[in-house]
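Working notes, structure below.
Please read these numbers as outputs of a predicted model, since none were measured by experiment. Numbered from 1 within each chain, the chains take letters A, B, ... in sequence-line order.
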Amino acid sequence: MRAAIFLAILAAASPASAQSGSSWYGPAPDAPTISFRPFFAISNERFAAAKTFDAVFDDASAQFWGGGLQVTGWQGRVYGEVSASRLMKKDQQLVGQRVFVSDGSVSKLGIPLRSTIEPLEITGGYRFNVHPRVIPYLGGGFGWYHYTEDSDFADASENVDVTKTGGIFDGGVEVRAFRWVGVAVDAQYTHVAGILGNGGVSQQFAQGSGSSANSERDLGGWAIRLKVVVGR
Amino acid sequence: MVGSRARWTAVTLAAAAVIVAHARIHGDQRYDDPPFLILQGVGLPAADVGLMKDDTHGPDAAEALHRAAIRASLTNAVAGANFRSGRMIVRFRDDASLDARLSALSDATDGGVMGDRGSYADFDMVQLAAGEDPVEASRRLMEDHADVVEYAQPSYRMHTMFKPNDPLYASNQWNLPMIDLERAWDIQPAAGSSITVAVVDTGLAYQDATVVATVRPFRDDQGRLYPSLGRVMIPYSAARQVVAAARPERIVSPRDFIWNTNTPLDFDGHGTHVSGTIGQLTNDNEGTAGVAFNVKLMPVKVVDAVWDDLFGAPNEGTDDTVARGIRYATDNGAKVINLSVGRNGSPAPVVEDAIRYAVSRGVFVAIAGGNGFEDGNPVEVVAEIASRVKGAVSVAAVDRNRNRAFYSTTGSYIELAAPGGSSRGFGVTGAVYQQTFDGTFTDTFLLPPLLYRAPRFDVLGYIPYQGTSMATPHVAGAAAMLMQQGITSPAAIEDALEKYATDLGTAGRDDQFGFGLIDVRNAMFGLGIAK
């Protein structure tokens, strides 16, 4: 919310002349036909399976870092992007403990459990050139999500190492801070089925119907990303 | 070696005699009345006879019947009934006035009077006139005075649940790997060290002592007279594999509701065997292993053995005694209660109240499912309570092939199964071994009158037992380990044991195995995120 207000103020402070003569579907001023723009990103994700993650890690959120390459085309109207990210934790792992759930009440068992999540995502979308320095965008795509889980005292068959695909929707605003550098803030929703809900505590919480139960079958969630983009 | 031990035994008994004589000279009334005394610490370590090749607790047949007959002749049982005469348990409603209570008693009984309320009891004992039927009196009281009385019941006798086995030799404990304990110990090497398990049973051989008692005469079921042995001094030794000399602190708050003392010595062997399965010292290059081998043990004696009766114990193992034992264990820090006792017949609301009390205070209760399958498969009253209380479980027994043990009672109230042993088809190798008394030296009342002599409770070995009594401590030990692992609610422990049980028999819960054979490791391992 604060970020949106900040961006609105920034837009309002821009010279009026800069806004004249452009429309949201028009080309970006001074934009090349095609541009390759590497970026670095950090994000904070709130997992859809909040009960599950909270039970094991005492936290339903996690921070990721990563980067990728964005390609804009059609004079800045459209974009495509490939990105990879990792957990922003020591050894890129979430560390919690195994649990038992009875009647919704969680008992911690003191047996260390480690998880990794490694997204590789491809997205694309439309950039709205409403302002030379402030460019909202909206897009979607898909990704591969490599999930691992291992515990002390576990047999190999009790650990998890799986990759599934999921869908992505994202939208945000890029602010051109300098001619070659932009800063973007976006919200990203991912939905990753097939990893959670078939076993473990996620299965316990996913029993029944309703949105809450469905959420516990989803490795995705809502993330706020901050990107630093290099390029025009 | 034998000669040396004999000399030391003589010296110890002589020392005990001097102590007794000294007390008498100085007019210490304890030694004259009652005629029973435990000289704690005056005794020798046990003679260890090692693994037993046979079992002197004798199978269904002669000696078990003989033992039962002796107890019946010595106790205040009603002929043909399994409750005490002359007394009734009554729980009056809290808002009932004293006048209303007395009026109800006067109306429903033939001159019944209120007795003293015992410690750890939330119910009253009503003394009935000689010859009055407690069943009828309690029925009248409940039907005609429901506004005053919550429940009333006869004082039913409890009995232990072990099943003896055939006289063959074996030395392995197939029962512990069966419930995946080795991998459970990997996870929790401390094996329940912070948990106290109360063994509400016949007591425990937890210290060396010399017992001074006057032995009453009796007649056996064949009418043979066994004379009084007079005043005898009986050597008594701790089971060193249950209570190491170096770890006396593992015994907490011992209590004897049969003798109203704090020295619940086991004069049967059952309680010691059960305690061994729960917490036998392990990984010490000696003897057998136990499930949660570092737990603290709270011996609470609520069931009288033959020798308790022959020594003239003032109380018997009835519903009220068991209920008080459960409440005592709860109030004194037990987190798990093992109840390898039970009975058939009418409901036991006084015991149910006590079990609910225990569970409501965070105590998990494991209860033997019963051994009566081949005796008409009657409902096991205490086990049946467990099915109504989340946090208490009833336990069936399996043999070493994971089949239902031949004796194990079936019914809708069976919730879990554990190794209880079975000699049928396996001989003695199918039993559960733990350290307890060698019956050759304790059960002298099973000998002909001419050979009858004072018992010795200082010879112990690794004795094969079988029964749901033996299955239940596997569950109690598992519960202690789960509690130490972090599952503190009794209901959650029941959930965990049931969820991770290995399904046996008909798919899903069934009347033979309940939810199946417990799997301690998997229950303890719990859940990850996705698996």
Looking at A:Val101, A:Ile111, A:Val162, which one has more heavy-atom pairs under 4.5 Å with chain B than the rest?
A:Ile111

Give the atom names and distances for all donor-acceptor pairs closer than 3.5 Å across chain A and chain B.
| from | atom 1 | to | atom 2 | distance (Å) |
| --- | --- | --- | --- | --- |
| A:Arg98 | NE | B:Phe525 | O | 2.7 |
| A:Arg98 | NH2 | B:Gly526 | O | 3.0 |
| A:Arg98 | NH2 | B:Lys531 | O | 3.4 |
| A:Val99 | N | B:Leu527 | O | 3.0 |
| A:Val99 | O | B:Leu527 | N | 2.7 |
| A:Ser102 | OG | B:Asp495 | OD2 | 2.4 |
| A:Leu109 | O | B:Gln485 | NE2 | 2.5 |
| A:Glu149 | OE1 | B:Ile529 | N | 3.4 |
| A:Glu149 | OE1 | B:Ala530 | N | 2.9 |
| A:Glu149 | OE2 | B:Ile529 | N | 3.1 |
| A:Phe153 | O | B:Arg521 | NH2 | 2.8 |
| A:Asp155 | OD1 | B:Arg183 | NH1 | 3.4 |
| A:Asp155 | OD2 | B:Arg183 | NH1 | 2.7 |
| A:Ser157 | O | B:Lys531 | NZ | 2.8 |
| A:Glu158 | OE1 | B:Arg521 | NH1 | 3.4 |
| A:Glu158 | OE1 | B:Arg521 | NH2 | 2.8 |
| A:Glu158 | OE2 | B:Arg521 | NH1 | 2.6 |
| A:Val201 | N | B:Gly528 | O | 2.7 |
| A:Ser202 | N | B:Ile529 | O | 3.2 |
| A:Ser202 | OG | B:Ile529 | O | 2.8 |

Quick one: what part of A:Leu113 sits under 4.5 Å from any heavy atom of chain B, side chain, backbone, both or neither?
side chain

Nearest heavy-atom pair of B:Ala530 and A:Ile195: which atoms, and what distance?
CB-O, 3.6 Å

Please classify the contact of A:Val201 with chain B as side chain, backbone, both or neither, using a heavy-atom distance under 4.5 Å.
both

Contacts of A:Gln92 that satisfy side chain to side chain donor-acceptor pair (under 3.5 Å) - sequence neighbours left out
none

Heavy-atom neighbours of A:Phe169 CZ exceed 12 at 6.0 Å
no

Part of A:Ala154 lying under 4.5 Å from any heavy atom of chain B:
both

I need the minimum non-hydrogen distance between A:Leu109 and B:Ile487, along with the two atoms involved.
CD2-CG1, 3.5 Å

Part of A:Val160 within contact of chain B (heavy atom distance under 4.5 Å):
side chain

In sequence, state the C-alpha distance, the side-chain angles, and the governing distance for A:Phe57 and B:Ile529, and then conclude on side-chain contact (heavy atoms from CB on, under 4.5 Å).
CA-CA 10 Å; A:Phe57 301 111; B:Ile529 291 274; 3.5 Å; yes

